[in-house]
Amino acid sequence: MRTSVMSQMQRSFSIDLPSLIPLQLPSRRETHLWYILPDEVKSTSLLKRYSQFLSPIEKDRVDQMRGDELKKNALLARTLVRTTIARYQTNKAVDPGSLMFKKNMYGKPEVDWQNCKNYNVQPLHFNISHTDSLIACGVTVHAPVGIDVEDKERKIKHDVLAFAKRFYTTDEVNFLATILDPEAQRKEFIKLWTLKEAYVKALGKGFSAAPFNTFTIQSKPGTEGGYSLCKTSEVTANPLEKTEECNGRWKFDLLELAGSHYAAVCTEDDQADEGAFSVDTEGSIGFSGLFITSFSFLQELL
Amino acid sequence: MASLSATSLSFKAPSIQSTRIYQVLRKPSSFQSISFGRFQSSKSLRLQISCAAKPETVQKVSDIVKEQLALSADTALTAESKFSALGADSLDTVEIVMALEEKFNISVEEADAQNITTIQEAADLIEDLVQKKPAA
């Protein structure tokens with residue numbers, strides 16, 4: 001199990017986009033994480049080709065974005081989702097444009113396999129997240145996934161502890177309060193935000209199903225980058241009587257992408273197996289239980 | 001092809017019956033669906049009765065949004081401007097709501113905070129909450 005960071009550039013002289021490189025589906029214990037850095041995509045002709053993949057509704061949403069940067073990022077987000085999912089169809093070359101999406105009853109996007117032309121049905125789950133400078137897509141099989149990315153340097157306009165008191169749990173506020181350096185505190189706040197967002201997105205039932213102050217995420221002692229979730233019920237009159245339910249059902253991982261962003265990954269796991277942490281000789285890091293690949297792709301057209 | 005769409009607002013039922021205005025928007029493209037925090041909800045579209053906020057409130061909200069999202073002063077914002085179309089993510093939305101709470105001295109419920117998607121919705125919610133505050 002390893003993480004490999006690949007940056008791939010292909011030069012193509014054909015007028016059509018080259019066919020997508022196929023991918024093997026992740027195993028049940030793996031999450032694949034793919035990302036694009038929008039600043040690396042500069043070719044307007046390339047962006048035009050990408051827009052061919054989008055459905056009319058998606059094109060509409062791109063047009064609604066205010067400003068060229070936001071339009072471009074919205075386009076790239078849809079391109080990333082479509083091309084990534086298309087690549088997992090290993091038996092044939094499929095058109096990313098013929099993927100159809102639908103929403104679950106709470107509004108979480110999913111693949112609408114019934115209506116995809118030429119696609120084999122796959123137990124594939126995905127979730128996307130983006131900031132101005134990074135767009136990411138997580139893929140799992142058999143289990144829902146939620147991801148959230150944030151710029152490490154993102155400034156919070158409000159006082160971090162006041163913000164946390166308003167939205168996080170008491171345990172999380174207490175944890176943040178122990179961090180004296182404001183920069184370090186801000187970073188931990190952001191990390192917690194991405195982890196909590198990733199959980200809500202993995203759950204897929206909307207924010208009201210899991211308000212941020214009803215669950216605590218804390219780092220697992222003895223692991224690096226491992227986190228666990230504890231549900232707290234704060235509805236008791238006596239604050240000392242919090243009922244806590246810490247289950248291993250939800251797996252978290254927090255990593256840094258491109259040196260600039262935090263990315264939180266959350267999946268559901270019915271096998272409560274604790275993963276070990278290993279490093280291989282190529283300098284990439286693996287977590288058994290989570291396999292993460294990052295791929296920044298850039299193709300130039302003549 | 002013109003199609004009908006409606007803005008749906010997630011209010012708690014106001015305790016005071018006030019004058020209601022039936023708010024319906026016509027948009028040339030697809031339905032404006034109810035936004036559910038991070039996702040666009042596909043729940044059935046409901047036409048809801050809502051109270052339209054005062055222009056001054058809409059202006060104040062616009063100013064706060066511009067500041068939070070670091071938009072240029074000449075960015076044209078309308079009441080219908082969607083936070084997501086301006087590049088706001090969930091963290092931005094929550095910060096905007098906190099700034100609105102401070103500005104208007106109100107308190108917004110978590111669920112309401114995450115469900116605000118446009119300037120109009122924010123302004124309407126603010127006026128609803130301000131109206132419900134006990135007289136000083």
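Side chains are part of it too, since the values below use all heavy atoms of this structure and drop only hydrogens, waters and symmetry mates. Order of the sequence lines fixes the chain letters, A, B, ..., with proteins taken first and strands second; residue numbering starts at 1 for each chain. Quick caveat: nothing in here was measured; it's all calculated off a predicted structure.
Using a 4.5 Å heavy-atom threshold, the side chains of A/D159 and B/M98 count as separate. Residues A/W193 and B/V94 are in side-chain contact: their nearest non-hydrogen atoms beyond the backbone lie under 4.5 Å apart.
B/E95 contributes a side-chain N or O that, together with a main-chain N or O of A/H158, makes up a donor-acceptor pair within less than 3.5 Å. Using a distance-only test at 3.5 Å, with no hydrogens or angles considered, a donor-acceptor pair links the side chain of A/R66 to the main chain of B/A76.
Ranked by heavy-atom pairs under 4.5 Å with chain B, the list A/K157, A/K71, A/H130, A/K102 is led by A/K157. The most heavy-atom pairs under 4.5 Å with chain A, out of B/L71, B/T75, B/V108, come from B/V108.
Atom CD of A/Q114 has 12 or fewer heavy atoms from other residues, nucleotides or ligands within 6.0 Å. A/E256 CD: more than 12 foreign heavy atoms inside a 6.0 Å radius.
To the nearest 0.5 Å, atoms CZ (A/F167) and CG (B/L91) are separated by 9.5 Å. The CE atom of A/M65 lies 9.5 Å from the NZ atom of B/K82; values are rounded to the nearest 0.5 Å. Atom CD of A/E150 is separated from atom OG of B/S90 by 6.5 Å, given to the nearest 0.5 angstrom.
Interface residue A/K155: only backbone heavy atoms are found under 4.5 Å from chain B. Of the two parts of B/Q68, the backbone and the side chain both hold a non-hydrogen atom closer than 4.5 Å to a non-hydrogen atom of chain A.
Using a cut-off of 4.0 Å between Lys/Arg side-chain N and Asp/Glu carboxylate O, B/E101 and A/R166 are scored as salt-bridged.
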